[in-house]
Number of protein chains: 6
Amino acid sequence: MPFVTVQIAKGHSIEKKRQLAQAITDALVATMGTKPEWVTVHIDEFERENWAVGGVLHVDKHGGRHVEKGV
Amino acid sequence: MPFVTVQIAKGHSIEKKRQLAQAITDALVATMGTKPEWVTVHIDEFERENWAVGGVLHVDKHGGRHVEKGV
Amino acid sequence: MPFVTVQIAKGHSIEKKRQLAQAITDALVATMGTKPEWVTVHIDEFERENWAVGGVLHVDKHGGRHVEKGV
Amino acid sequence: MPFVTVQIAKGHSIEKKRQLAQAITDALVATMGTKPEWVTVHIDEFERENWAVGGVLHVDKHGGRHVEKGV
Amino acid sequence: MPFVTVQIAKGHSIEKKRQLAQAITDALVATMGTKPEWVTVHIDEFERENWAVGGVLHVDKHGGRHVEKGV
Amino acid sequence: MPFVTVQIAKGHSIEKKRQLAQAITDALVATMGTKPEWVTVHIDEFERENWAVGGVLHVDKHGGRHVEKGV
């Protein structure tokens with residue numbers, strides 16, 4: 001019954017989330033021998049004004065761009 | 001000082017949340033002997049496109065229905 | 001598929017945890033109409049040197065007592 | 001690589017969040033000797049209808065006021 | 001800067017964790033275009049007496065077996 | 001009622017944790033106007049075999065050293 005939380009920046013398409021949930025589930029199945037139906041994936045999106053690295057908010061680093069690739 | 005996080009699908013009424021917070025708090029008091037004022041409950045709602053079981057997003061399973069009972 | 005995390009102090013017996021998991025699950029069923037088998041409960045125990053209120057660690061407040069009732 | 005999650009009520013300005021992220025990062029640097037660029041801060045905002053103490057939702061306690069100081 | 005938390009039962013070998021962390025990271029890279037060095041994976045292990053589905057602790061369901069495959 | 005979770009590597013002394021909890025609480029008071037007694041800090045320690053950046057476990061990067069400064 002693995003439970004996976006993925007924290008990523010807001011703004012990705014449903015299609016991207018679909019692929020992400022599948023790929024994470026596959027990763028559990030391939031490495032741990034988990035049954036796919038046991039895996040729950042929660043995509044927990046953050047706003048760029050709510051995430052900071054080195055004390056600097058993303059919104060201050062990355063300006064107005066809504067989705068930076070892969071963040 | 002128990003801290004309880006309840007992750008449920010988005011879309012429940014305030015009245016439902018009111019009952020949920022009270023019932024969770026009562027459960028702690030009844031079983032652990034906690035004082036009610038020590039219990040914090042955080043209801044953490046997820047969007048149906050952000051939750052997957054078996055690699056399939058809820059939004060793909062449950063179509064357009066906004067709130068399925070008890071999810 | 002509600003997922004509930006209960007953060008409590010370390011040191012409670014399995015019997016107490018058994019009652020807690022059941023009572024939390026019942027609370028979801030009674031208030032939200034959830035099916036019991038959809039409810040996951042995670043008991044996340046903290047050490048008293050890892051939890052502070054008002055800037056003071058529990059271990060400094062509550063001394064050597066290992067389990068205070070209901071914390 | 002410390003990862004810090006701050007759960008606060010929704011409604012604070014970006015300027016406040018900017019100060020908060022910096023102050024939390026400074027706290028890690030000053031006490032643990034962490035390099036600032038290793039510190040990630042996630043501000044996780046909650047709605048007042050999703051947070052309860054003593055079984056009572058904030059929205060029922062604090063009425064319509066959108067931001068109470070320091071919550 | 002995706003941050004991934006994987007909650008699994010305690011008792012897996014370091015080699016399994018090594019494979020899991022790599023596979024999760026690869027899943028992010030392949031689907032989201034994330035740079036590998038941006039991905040943090042946290043494996044958060046739970047004891048079987050601290051996890052319940054349907055109100056029943058794992059330790060009561062799965063007896064004394066320490067690691068069930070893929071849980 | 002801010003709730004702060006600090007995820008750091010295992011192995012820091014109680015004295016360090018004491019300073020950390022105080023400094024985090026002070027940061028909330030100074031920037032958000034929170035009352036100190038409203039702030040809860042949870043120090044959530046991770047084992048070096050349970051944390052990976054770029055797909056590589058800390059234990060594989062940092063060898064046998066038990067506490068690296070500020071991680």
Side-chain angles (χ1 to χ4, degrees), chain B residues 1-63 65-71, chain C residues 1-63 65-71:
Chain B
M1 286 78 176
F3 186 92
V4 183
T5 305
V6 186
Q7 295 176 294
I8 52 169
K10 207 170 180 171
H12 295 282
S13 67
I14 296 193
E15 181 48 34
K16 274 291 169 202
K17 292 175 179 178
R18 198 173 273 134
Q19 293 171 21
L20 177 63
Q22 188 63 65
I24 293 281
T25 304
D26 291 350
L28 266 294
V29 171
T31 59
M32 310 300 280
T34 313
K35 292 182 193 169
E37 65 267 27
W38 285 1
V39 181
T40 302
V41 176
H42 176 210
I43 300 172
D44 185 21
E45 299 177 295
F46 57 83
E47 300 280 352
R48 285 172 181 288
E49 66 179 71
N50 286 342
W51 193 271
V53 177
V56 181
L57 298 179
H58 264 227
V59 79
D60 289 337
K61 244 184 214 156
H62 302 294
R65 279 169 299 152
H66 197 58
V67 178
E68 194 194 15
K69 209 181 161 194
V71 176
Chain C
M1 285 79 176
F3 186 92
V4 183
T5 305
V6 186
Q7 294 176 294
I8 52 169
K10 207 168 178 173
H12 296 282
S13 67
I14 296 193
E15 181 48 32
K16 274 290 168 203
K17 292 176 179 179
R18 198 173 273 135
Q19 293 170 20
L20 178 63
Q22 189 63 64
I24 293 280
T25 304
D26 291 349
L28 265 294
V29 171
T31 59
M32 310 300 279
T34 314
K35 293 182 192 169
E37 64 268 28
W38 286 2
V39 182
T40 302
V41 176
H42 176 211
I43 299 171
D44 185 21
E45 300 176 295
F46 57 83
E47 301 280 351
R48 287 172 181 287
E49 65 179 70
N50 285 342
W51 193 271
V53 177
V56 182
L57 299 179
H58 263 229
V59 79
D60 290 337
K61 241 184 216 154
H62 302 293
R65 280 169 297 154
H66 197 58
V67 179
E68 192 193 16
K69 206 180 164 196
V71 176

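Below, chains carry the letters A, B, ... as their sequence lines are ordered, and counting in each starts from 1.
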message: Under a 4.5 Å cutoff for heavy-atom pairs, which residue among Leu20(C), Asp44(C), Thr40(C), Val6(C) has the most contacts with chain B?
response: Leu20(C)

task: Check the pair Gln7(B), Met1(C) against side chain to side chain contact (heavy atoms under 4.5 Å, CB included), reporting the backbone distance first and the verdict last.
output: CA-CA 8 Å; Gln7(B) 295 176 294; Met1(C) 285 79 176; over 6 Å; no

task: With side chain to side chain contact (heavy atoms under 4.5 Å, CB included) as the test, would you mind laying out the steps for Phe3(B) and Trp51(C) before giving the verdict?
output: CA-CA 11 Å; Phe3(B) 186 92; Trp51(C) 193 271; 4.1 Å; yes

query: Can Leu28(C) and Ile24(B) be said to form a side chain to side chain contact (heavy atoms under 4.5 Å, CB included), step by step?
result: CA-CA 8 Å; Leu28(C) 265 294; Ile24(B) 293 281; 3.8 Å; yes

- request: Would you please test Val4(C) and Thr5(B) for side chain to side chain contact (heavy atoms under 4.5 Å, CB included) and show each step?
  value: CA-CA 6 Å; Val4(C) 183; Thr5(B) 305; over 6 Å; no

- prompt: When only pairs under 4.5 Å are counted, which of Gln22(C), Lys16(C), His42(C) shares the most heavy-atom pairs with chain B?
  reply: Lys16(C)

query: Looking only at heavy atoms, which two atoms of Ala23(C) and Thr31(B) are closest? And how far apart?
result: CB-CG2, 3.6 Å

